[in-house]
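Down below is the structure, laid out as structure tokens.
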Amino acid sequence: MSTRLKRILRYALFVGILVLVYTQGWHKPVVATLQRGILKTGIMNPQLKEVPDTNGKTRVKGTKSEAVVPGDLADLNVQFFDENDQLVSLKDMPKQPYFINFWATWCPPCVAEMPGIAKLYADTKDEVNFVLVSFDTDFEKAKAFKAKKGFDFPIYRIAYDLPEMYNTGSLPTTILINAQGQLALTHMGMADYDTEAFREYLEELQ
């Protein structure tokens, strides 16, 4: 066999493996693992600032409304279906900070940040409302993913159209609301929320 033919066969084998990996979805956990390593560097984490008053506010990057800025009252008249298909409203949850995360199983950055969120939930679930909203077309996939990973946090699916303050058009997106119902933070993209700095920030939102 000629050297040229061997080179062609090796190239064809390499392309075939890539096609197989992508068509079977095997690349997603690999990418998520790599991104999890990036998360541990902290370079993707949001800048944590206290909720400002009504003066000197700045627009939240990524939101579609100029009116939605840190310090504004959040729209809590939002409803989701829980894992038992029960309708749940944000306004009916305890008067404590909200950690709202929009994610999907097909989104590697979403998957990458999940272990950190799970640890944060385990430590602060009694003081914070965790609302992890799946954008999967089939909610059963999200429930199966949660069960496979052994995560304890509650997951939800959208019941009706989201208000603009939640609609960034980006996954993952994490939104924090303080106990007084004010928007505190909108972060688009993955982050490591299992940090001491972030835990202290959540306490300040009480």
Side-chain angles (χ1 to χ4, degrees), residues 32 44-49 51-52 54 57-114 116-118 120-121 124-125 128-146 151-191 193 198 201-202 205:
M44 305 294 291
N45 291 354
Q47 292 184 351
L48 304 176
K49 301 177 181 178
V51 180
T54 55
K57 295 183 295 186
T58 57
R59 179 172 181 265
V60 176
K61 180 181 179 182
T63 55
K64 297 183 178 180
S65 171
E66 293 285 347
V68 182
V69 293
D72 279 349
L73 286 177
D75 187 346
L76 300 181
N77 294 305
V78 185
Q79 294 181 311
F80 303 101
F81 286 109
D82 65 14
E83 295 168 72
N84 298 313
D85 284 331
Q86 298 298 309
L87 205 56
V88 177
S89 175
L90 292 183
K91 68 178 180 180
D92 293 332
M93 293 182 178
K95 302 305 179 185
Q96 55 193 24
Y98 294 82
F99 180 99
I100 304 171
N101 179 268
F102 297 106
W103 66 286
T105 59
W106 44 261
C107 165
C110 303
V111 175
E113 67 180 6
M114 283 293 176
I117 294 175
L120 180 69
Y121 172 77
T124 64
K125 59 185 176 182
V128 178
N129 296 315
F130 281 81
V131 184
L132 282 86
V133 184
S134 167
F135 269 64
D136 286 277
T137 304
D138 183 358
F139 191 48
E140 293 301 316
K141 288 185 178 179
K143 292 197 287 186
F145 169 83
K146 174 188 167 181
F151 295 145
D152 293 330
F153 49 65
I155 61 174
Y156 303 85
R157 61 184 174 90
I158 296 171
Y160 306 106
D161 290 342
L162 288 173
E164 284 194 350
M165 70 160 287
Y166 301 102
N167 188 12
T168 66
S170 176
L171 290 181
T173 288
T174 298
I175 294 174
L176 298 184
I177 299 170
N178 69 9
Q180 291 71 47
Q182 295 172 291
L183 178 66
L185 174 72
T186 297
H187 180 70
M188 296 185 298
M190 63 181 184
Y193 298 106
F198 190 80
Y201 182 69
L202 278 181
L205 299 184

### Query
Does the side-chain contact (heavy atoms from CB on, under 4.5 Å) test come out yes or no for Leu76 and Ile177, once each step is laid out?
CA-CA 10 Å; Leu76 300 181; Ile177 299 170; 4.1 Å; yes

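- The only option from Tyr201, Phe99, Phe153, Phe130 that meets the ring-ring contact (aromatic ring centres under 6.0 Å, His included) definition with Tyr193 turns out to be Phe99.
- Put simply, CZ on Phe80 and CD1 on Ile155 are 13.0 Å apart, with the number rounded to the nearest 0.5 Å.
- The side-chain heavy atoms of Val88 and Met93, taken from C-beta on, include a pair separated by under 4.5 Å.
- Using a 4.5 Å heavy-atom threshold, the side chains of Tyr160 and Leu87 count as touching.
- No side-chain donor from either of Gln86 and Asp82 sits under 3.5 Å from a side-chain acceptor of the other.
- A side chain to side chain donor-acceptor pair (under 3.5 Å) with Thr173 is found for exactly one of Asn167, Thr186, Thr168, namely Thr168.
- Considering CZ of Phe151 and CZ of Phe145, their distance stands at 5.0 Å, rounded to 0.5 Å.
- A pairwise comparison of heavy atoms in Phe135 and Ile158 identifies CZ-CD1, 3.6 Å as the closest pair.
- Residues Ile175 and Leu183 come closest through the heavy atom pair CG2-CD1, 3.6 Å.
- Rounding to the nearest 0.5 Å places CG of Asn101 at 5.0 Å from CE of Met114.
- Across all their heavy atoms, Ala191 and Glu113 have their closest contact at N-OE1, 3.0 Å.
- You'll find the side chain of Thr174 stays beyond 4.5 Å of the side chain of Leu185, heavy atoms only.
- Asp136 and Lys143 are not joined by a salt bridge, as no carboxylate oxygen comes within less than 4.0 angstrom of a charged side-chain nitrogen.
- Counting all heavy atoms, side chain and backbone alike, Pro97 lies closest to Leu202 at CG-O, 4.0 Å.
- Note: Met190 CE to Cys107 SG = 9.5 Å, rounded to the nearest 0.5 Å.
- Using a distance-only test at 3.5 Å, with no hydrogens or angles considered, no donor-acceptor pair links the side chain of Glu83 to the main chain of Pro154.
- Other residues, nucleotides and ligands place no more than 12 heavy atoms under 6.0 Å from the CG atom of Asp161.
- Using a 4.5 Å heavy-atom cutoff, the side chains of Val78 and Ile100 are not in contact.
- Although no hydrogens or angles enter the test, the distance criterion places a donor-acceptor pair under 3.5 Å between the side chain of Asn129 and the main chain of Pro94.
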### Task
Go through Trp103 and Ser134 one step at a time and tell me if the side-chain contact (heavy atoms from CB on, under 4.5 Å) criterion holds.
CA-CA 5 Å; Trp103 66 286; Ser134 167; 3.9 Å; yes

### Message
Before you tell me yes or no, could you show the steps for Leu90 and Tyr166 under side-chain contact (heavy atoms from CB on, under 4.5 Å), namely the whole-Å CA-CA distance, both residues' side-chain angles and the distance that decides it to 0.1 Å?
### Response
CA-CA 13 Å; Leu90 292 183; Tyr166 301 102; 3.5 Å; yes

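- Here CG of Leu73 is found 10.0 Å from CE of Met165. Values are rounded to the nearest 0.5 Å.
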### Task
Verify side-chain contact (heavy atoms from CB on, under 4.5 Å) between Leu205 and Tyr98, making sure each step is shown before the conclusion.
CA-CA 9 Å; Leu205 299 184; Tyr98 294 82; over 6 Å; no

